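All of these numbers come straight from a predicted model, not from anything done at the bench. Computed from heavy atoms alone, side chains included, the values below leave out hydrogens, waters and symmetry copies.
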Amino acid sequence: MHPDAPLLTRSGEGAQRSLSPASVTLAPDDEMDDARLLRACFMLIQAGRIEEALKLTDDCGQPWRAVGWIGGTPLSSDGMGNPTRALWKRNGRKIAEKMTQITHRDMMDSASRTLFPSIAYEAAIMSLLSNRVDCALANPVFQSWEDGVHAILSAERGIIEDDVLRSHNLARIEAVGGTRGHFPYPGTEFEGDDENGPLGSGGDLGDALQKLETATTNRVRVEGEDPFRGGMISFLVGSNALKEYIEECAFASLGAGNEDEAFFLRFITHLILYVDTALPGFSFQLALPAEVVVEDDSSASLRELLLLKYTDYLASRRELWSHVAVYTSLLSPENIIDVYSSFLVHVHSDQERQMTLQQARQLFPKGLDYYVLRSVVREMIMSDDDENWHREAGEDLPPAGVSPKDARMMRSVFWLCYYPEHRPDALVCANMLLRKFLHASCESDSVDGNNLHTPKVFIRILPKNLVTSAIEQCHVNDDNIAGSISIPLVQNLQAEFESIKKFLEAHNRHVQFLDVISKTAPCHKSGNKPAHSLQDNFESEIADKMERNAFRQRKVGLCKIIIESAQRVSDALMEVLTFGGGWLVDSNADDLDDRTMTVEAEARAEEMKDIRSTFAPLAVAMLYDTLDTTGMWMEQVVYDTQQQFGSASKDILVSLFETFDESVNTELLTTSQAAPGYWHKKALSLASIVAYDGHRLHETFNDYDMDKFLGSIAESHLKLNRCSNSRTFFEC
């Protein structure tokens with residue numbers, strides 16, 4: 001483009017100087033180049049980068065524009081600046097008004113344009129530099145609401161600057177006039193009041209920003225109705241406007257549904273967090289909704305209510321779970337426990353559990369994760385809402401034979417198994433759940449393998465080192481952390497866990513014993529006996545010996561199966577009945593008072609008492625049943641041998657008994673494990689075990705159970721007498 005093109009007119013054949021830039025008509029290519037240049041300059045001036053705009057015009061061969069735009073620079077003490085600044089501004093306002101009129105007249109289709117004529121951009125620049133807000137808002141170049149706000153704020157700043165300079169100049173003129181001296185900078189004496197100059201809002205930005213409603217561009221007016229831009233206005237106007245805006249938006253968000261206006265809830269929550277950070281204490285000045293009842297000791301605030309609503313929204317979206325801990329950490333400690341506990345109840349995936357727990361440990365006050373997890377696990381264990389139960393996202397299928405609800409309770413304990421310092425609480429909750437399962441079995445019509453399947457599965461899936469790691473952790477952190485468990489208490493919990501574990505293992509072995517003995521018949525036919533004759537007496541004797549030996553060997557094999565199974569059950573049940581201090585006896589119940597959960601401690605004591613009164617007599621009954629059944633099975637072996645071999649059966653039985661009695665003892669009928677008397681004698685010895693005060697078993701028997709047990713002992717005494725008399729035992 002020709003350097004003087006903007007100052008030339010091409011309406012005639014000869015080029016002549018134009019008296020006004022508004023009357024210039026450029027060639028299309030020159031017009032487009034000039035428009036692009038002025039658009040770039042306009043955007044730089046909007047961004048406060050006027051030096052770059054001046055350099056750009058100078059680099060593009062239009063230095064006269066740069067000189068014209070710096071006319072508003074105030075005169076400084078070193079003589080730099082424009083001494084006739086007021087005159088320049090008056091002329092600039094007139095030029096901006098004239099150019100805007102031309103632009104508005106010639107551009108009816110401005111809304112659809114991406115590049116406006118150069119005169120529109122020049123008018124916009126002059127409007128900003130001369131503080132003509134009315135011209136700026138009438139110019140289509142100011143397309144957005146932000147453009148309009150910038151023009152208003154720029155004009156307000158320029159007007160304030162003019163007022164300050166004018167007052168300073170008048171004071172200098174007055175000082176010079178009083179001394180009759182010479183004014184140092186000729187021309188500045190004309191910096192008087194400008195009656196036609198723009199009037200500011202006197203610092204009231206709320207009133208100044210009302211001018212946006214007069215903008216000719218429809219987009220500016222429409223965008224001004226956006227609530228987010230309303231928030232920007234409130235920041236500009238002042239704290240009272242900001243307070244009203246936040247309260248209005250917060251009330252609307254709190255009243256909306258969780259699905260409705262979620263984006264606005266996110267906005268207002270972050271806004272109040274920002275304001276609370278920038279202006280500490282500001283959030284406590286905000287009013288609460290009328291329907292919110294605040295107690296005297298409550299720390300409720302609008303900030304707290306919004307965070308509660310927003311964390312609830314985040315918790316309802318699985319894809320947003322990674323953000324829940326961040327916003328929960330901004331709540332009060334009481335609400336942190338309640339909110340995060342309610343959230344973690346619905347987190348089932350192992351990966352998500354580790355993520356949410358790690359975030360809690362990083363973001364929450366130290367030790368608060370203990371209370372959160374305790375609340376989570378207890379809530380899941382104590383939940384009895386069977387009707388509303390449904391499988392949730394990330395939840396695995398339950399193990400075979402376990403109800404989905406019980407499986408969820410079982411997995412809840414694993415919340416406390418990720419970090420060593422949580423293991424003592426894991427032991428507490430594991431015992432709590434085991435008691436719940438066993439107590440439910442107590443309330444059923446009968447206790448069988450089906451009722452005890454769930455606690456057996458639970459014991460099996462727990463970490464193998466749960467008890468040992470819990471005790472080790474208590475030795476490390478004894479009373480050094482909030483909520484730590486004392487060593488005597490964890491030892492008591494260990495005894496409780498081991499008691500239940502031993503009983504369930506013994507019950508398993510008893511079930512296996514019943515299965516083995518039901519499938520192992522004590523009677524069987526011996527091999528075919530050869531016909532006896534006088535001629536083959538020797539061969540017949542050999543054949544009889546071989547047949548008796550084969551019969552005995554087979555009996556040995558059968559007896560060995562039953563003896564090993566019965567011995568396993570007997571040993572396991574004896575560990576239950578002779579458990580140190582008594583099976584499931586709370587040896588130091590007073591230590592539980594050291595914990596804050598007195599109600600929970602009392603419930604634990606009652607549950608243990610109920611379970612003990614049900615399962616201790618059951619363990620005695622299972623052991624008696626095992627011993628008596630084994631003895632009766634061995635009697636069937638004796639009867640079968642006697643029936644098939646008659647008088648020769650004694651030698652077979654003695655040889656059989658000796659096989660299972662390594663000691664040199666003449667009392668084979670009560671010392672050999674293959675002898676019925678051995679098992680009836682052990683059954684009879686249960687009386688002394690139950691009567692021993694150290695085991696405290698007799699305390700668990702009611703009158704009915706005790707009468708039944710004593711009747712069984714009497715029967716065993718009779719059976720022992722029958723099976724231990726060698727004179728009558730071997731008679732056919």
Is [X] salt-bridged to [Y], cutoff N-O under 4.0 Å?
X: Glu699; Y: Arg696; result: yes
X: Glu304; Y: Lys309; result: no
X: Arg318; Y: Glu352; result: yes
X: Glu496; Y: Arg604; result: yes

Test item: [X] and [Y] side chains (from C-beta on) under 4.5 Å apart, heavy atoms:
X: Leu416; Y: Arg423; value: no
X: Leu558; Y: Trp633; value: yes
X: Phe251; Y: Leu302; value: yes
X: Phe503; Y: Leu618; value: yes

- prompt: Do any N or O atoms from the side chain of Tyr624 and from the backbone of Ser712 form a donor-acceptor pair under 3.5 angstrom?
  reply: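 Pair found, side chain donor or acceptor close to backbone of Ser712.
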
In Å, rounded to the nearest 0.5 Å, how long is the span from [atom1] of [X] to [atom2] of [Y]?
X: Gln285; Y: Ile246; atom1: CD; atom2: CD1; answer: 10.5 Å
X: Phe437; Y: Thr454; atom1: CZ; atom2: OG1; answer: 5.5 Å
X: Leu331; Y: Asp338; atom1: CG; atom2: CG; answer: 10.0 Å

Is the distance from the ring center of [X] to that of [Y] below 6.0 Å?
X: Phe364; Y: Tyr340; value: yes
X: Tyr310; Y: His270; value: yes
X: Phe701; Y: His698; value: no

Return the minimal non-hydrogen interatomic distance between [X] and [Y], and the atom names on each side.
X: Ser499; Y: Trp583; answer: O-NE1, 2.7 Å
X: Leu373; Y: Trp415; answer: CD1-O, 3.6 Å
X: Val413; Y: Ala426; answer: CG1-O, 3.8 Å
X: Pro289; Y: Leu305; answer: CD-CD1, 4.1 Å

message: One pair to check against salt bridge (Lys or Arg N to Asp or Glu O under 4.0 Å): Lys456 and Glu505. What are the steps and the verdict?
response: CA-CA 8 Å; Lys456 291 176 184 177; Glu505 290 175 349; over 6 Å; no

field: Derivation and outcome, side chain to side chain donor-acceptor pair (under 3.5 Å), residues Ser403 and Asp406
entry: CA-CA 5 Å; Ser403 70; Asp406 289 343; 3.0 Å; yes

- prompt: How far apart are the C-alpha atoms of Glu392 and His346, what are their side-chain angles, what is the distance that settles it, and do they pass the side chain to side chain donor-acceptor pair (under 3.5 Å) test?
  reply: CA-CA 7 Å; Glu392 297 181 339; His346 304 287; 2.7 Å; yes

field: Phe228, CZ: over 12 other non-hydrogen atoms inside 6.0 angstrom
entry: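 Enclosed.
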
query: Of Val377, Leu357, Val376, Val339, which meets side chain to side chain contact (heavy atoms under 4.5 Å, CB included) against Leu344?
result: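 Answer to the side chain to side chain contact (heavy atoms under 4.5 Å, CB included) test with Leu344 among Val377, Leu357, Val376, Val339: Val376.
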
- request: Please confirm whether Arg568 makes a cation-pi placement over Phe513, using NZ or CZ under 6.0 Å from the six-membered ring centre and within 45° of the ring normal.
  value: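 Negative - Arg568 is either too far from the ring of Phe513 or too far off its axis.
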
message: Distance to the ring centre below 6.0 angstrom and angle to the axis at most 45 degrees; does that hold for Arg374 and Tyr371?
response: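 Yes, cation above the ring, under 6.0 Å and within 45°.
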
